[in-house]
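See structure below.
Values below: every heavy atom of this structure, side chains too, minus hydrogens, waters and symmetry copies. Everything numeric in this text was worked out from a predicted model, so none of it was measured. Letters A, B, ... mirror the listed sequences (proteins, then strands); counts begin at 1.
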There are 2 protein chains.
Amino acid sequence: MTRPTGSRGARTATLSDVAKLAGVSVSTASKALNGRNHVHSQTRERVFEAAAQLQFSPNSLARGLLAGRSGTVGLLTTDLSGRFSLPILMGAEDAFGAGQVSVFLCDARGDAIRERHHVQALVSRRVDGLIVVGSSTDPRPKLADRVDVPVVYAYAPSEDPEDQSIVPDNVGAGRMAIEHLVACGRTRIAHISGDRHYSAARDRDVGATEALTEAGLEPVGEVAYGSWTESWGRAAAAMLIDRHPEVDAVVCGNDQVARGVLDTLREHGRTVPEDVAVLGFDNWEVLTTGSRPQLTSVDPNLEELGRAAARALFDAIDDEHDRGVRTLPCRLVIRESTVRDR
Amino acid sequence: MTRPTGSRGARTATLSDVAKLAGVSVSTASKALNGRNHVHSQTRERVFEAAAQLQFSPNSLARGLLAGRSGTVGLLTTDLSGRFSLPILMGAEDAFGAGQVSVFLCDARGDAIRERHHVQALVSRRVDGLIVVGSSTDPRPKLADRVDVPVVYAYAPSEDPEDQSIVPDNVGAGRMAIEHLVACGRTRIAHISGDRHYSAARDRDVGATEALTEAGLEPVGEVAYGSWTESWGRAAAAMLIDRHPEVDAVVCGNDQVARGVLDTLREHGRTVPEDVAVLGFDNWEVLTTGSRPQLTSVDPNLEELGRAAARALFDAIDDEHDRGVRTLPCRLVIRESTVRDR
DNA sequence: TGATGGACCGAAAACCTTTTCGGTAGTTTT
DNA sequence: AAAACTACCGAAAAGGTTTTCGGTCCATCA
């Protein structure tokens, strides 16, 4: 009779095959391989030899079925295509991958139906926990299905404050940007942001404004909201130097905006960083290191955020469940666009 | 006695709970839920009601254990951080996600030890197949461990020609670029490439040279190899217009190089596309749509490649195993940087 | 009326591993 | 010498599902 594994080679070896070859019982074989005590060292050796010979690989399904936990977690992204999911994913995968946990990747593509479908599949596979990665830092609705394993929301917090969420500290990021520029001796600082509908944009503004006030400075002009694009950066910069030619620093909503700002400044004969300092957010390397001059940017530490989410999930699986939103600090990466000397 | 699931709520419902509540046997409940015949419609309904009431979700581990196949596949990336893994991942996830297959994500981080570790874990979890995603199109060594499930290599082919690999058609991509430029009336075409150690760079050159010859054109200067960066693009472009001021089109190794070329051309007073056409590879949106003018680029269709790999794996699981390297065509995305009118 | 068949249901085996518990043999203690 | 340990090993149960096979009941046919 053909095996369900199809025609590929012989059936994969099972523990009882190993036991038979080693001349012991299954239970002894199991104990030997798992390092349990009360098995004679010679016996243990025989079992190991048999296992190696048969290329035995224990069936995690059977083990999981028995143990009641599968040693897997689900990583559910709202939108994988975005710029921010991947580093978070990497961080989480890293934190788990070191141990014995495997990661199911699911992309909901921004579709609620698809999300529910994936959650159902994950529940059915008896994942031990779930990380939900949002596509922006705006709060997102909590999972539609009740799941009886712990859930950690990363990047985008859950709307339910009782859930556990881990997000980057955008307020602190805005503050960090201003403090750096002030430390560089800039006093006439403008802010060209991105899409005003993003809480990330507004939060950074809050932090920036706080820091400006504390430094005793007035902002140059209003915060200019627009879109997260280079062309918006170019347009907004043109308006800025028209209305406020005295500006000596520009905080930009993200690195794309900053690239646009850099272009326009150069075309208007302003040199960076001598005349004007420019600073971006996100630290998207292809943009920050390709530009002239290279761009100082605030890095949201996303990989670390992914790792933190994984650790939080670990703790939650062990029944130490934090609640509420935790923010993680960002990190300033200083390049040429903000420092005058050297 | 507390359950292994910890203190979280009641134990998850099992099929026998459902059966008990519906007043039938487990086997009948199973048949009812799985749409097998020979179960009375009223009985079936009672079972469904009971299942809904208990939020029953079948245990895939038990099912997989019995069936001999788990309904999972492994997605093993050499390096997730790269620009190219993610779209392939998305395509594969998409192709599987629609069905009943869940995807394990593993990132080897370019480390052979870690790769083996992941492969072992996947084998232990009894995945039904494996997709190995490389980080460049250069051939990679085959998996160190023998696995008795089908393996499909994506993006980077396996060094073993007996393995099944799916890669983008870089030769065709180079050809496509030239043919487009020729169709646009360009006759003095230069080629500023990237790192010469990448087979992708060399393959595109092969295709480009073929197409030039077929069009009866001589290339303008030698192919300039360097690195995949904007700054190389800027430097190479400066040299190019110095030595070959007559150039009217530049094929660039990737979009970053193209961005650099665009910058230098503008600074030297050449307008794009009127004086010079510029064309990139990869179609990295943040670069191609942010630039002035927007950049024509050859898209490697990576998401489609991921889907193709998933489909190939499906077929292989069903014992229809293709062998050897299959190339997938690229796709030209025409934007402003190559077309003179409109 | 007896036989045949079909519709429906349930018992039990199978998948593979881990753990518990009981048993055997040999060794030490009193 | 009897009793109590210790070290080691194996039988069996448990985990949840699917499938096979045998059984019951009722309707149909001759």
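- At the heavy-atom level, His40(B) lies under 4.0 Å from the strands shown only through sugar-phosphate atoms.
- No N or O donor and acceptor, one from the side chain of Ser25(B) and one from the base of dA11(C), sit under 3.5 Å apart.
- Residue Ala29(B) is the one, among Ala29(B) and Ala62(B), whose nearest nucleotide of DNA chain C lies closer to the 5' end (criterion: closest heavy atom).
- At whole-Å resolution of the value, CZ in Arg44(B) and P in dC8(C) are 9 Å apart.
- Taking only side-chain atoms of Val24(B), from C-beta outward, the nucleotide of dT17(C), dG10(C), dT17(D) with the closest atom is dG10(C).
- Nucleic acid contact for Thr14(A): sugar-phosphate only, since backbone atoms but no base atoms lie under 4.0 Å from a heavy atom of the residue.
- Not one side-chain nitrogen or oxygen of Ser30(B) sits closer than 4.0 Å to the OP1 or OP2 atom of dT17(D).
- Residue His38(B) contributes atom NE2, which lies 13 Å from atom C1' of dC21(D) at whole-angstrom precision.
- Within the nucleic acid shown, Ser27(A) comes within 4.0 Å of at least one base atom, counting heavy atoms only.
- Using a 3.5 Å distance cut-off with no hydrogens or angles, the side chains of Ser124(B) and Ser60(A) do pair a donor with an acceptor.
- If you measure from atom CD of Gln42(B) to atom P of dA7(C), you get 16 Å, rounded to the nearest angstrom.
- Salt bridge Glu115(A)/Arg140(A): present, at least one basic N to carboxylate O contact under 4.0 Å.
- The CG-P distance, from Leu61(B) to dT18(D), rounds to 13 Å in whole Å.
- The closest donor-acceptor contact from the side chain of Ser70(A) to the backbone of Gly64(A) lies at 3.5 Å or more, if one exists at all.
- Following rounding to the nearest Å, Leu54(A) (CG) and dC16(C) (P) show an atom-to-atom distance of 14 Å.
- Remark: Asp79(A) does not engage Arg109(A) in a salt bridge, criterion side-chain N to carboxylate O under 4.0 Å.
- Taking atom CZ on Arg36(B) and atom C1' on dG10(C), their separation rounds to 17 Å, with Å as the unit.
- Residues Ala29(A) and Ala19(A) share a closest heavy-atom pair of CB-CB, 4.0 Å.
- Among dG10(C), dT19(D), dT17(C), the nucleotide with an atom closest to any side-chain atom of Leu66(A) is dT17(C).
- Between Leu65(B) atom CG and dT17(C) atom P there is a gap of 9 Å when expressed in whole angstrom units.
- A straight line from NZ of Lys31(B) to C1' of dG10(C) spans 7 Å, rounded to a whole angstrom.
- Annotation: of the two residues near DNA chain C, Ser60(A) and Gly23(B), the 5′-most nearest-nucleotide partner is Gly23(B).
- Considering only side-chain N and O atoms, Asn34(B) lies under 4.0 angstrom from the phosphate OP1 or OP2 of dT18(D).
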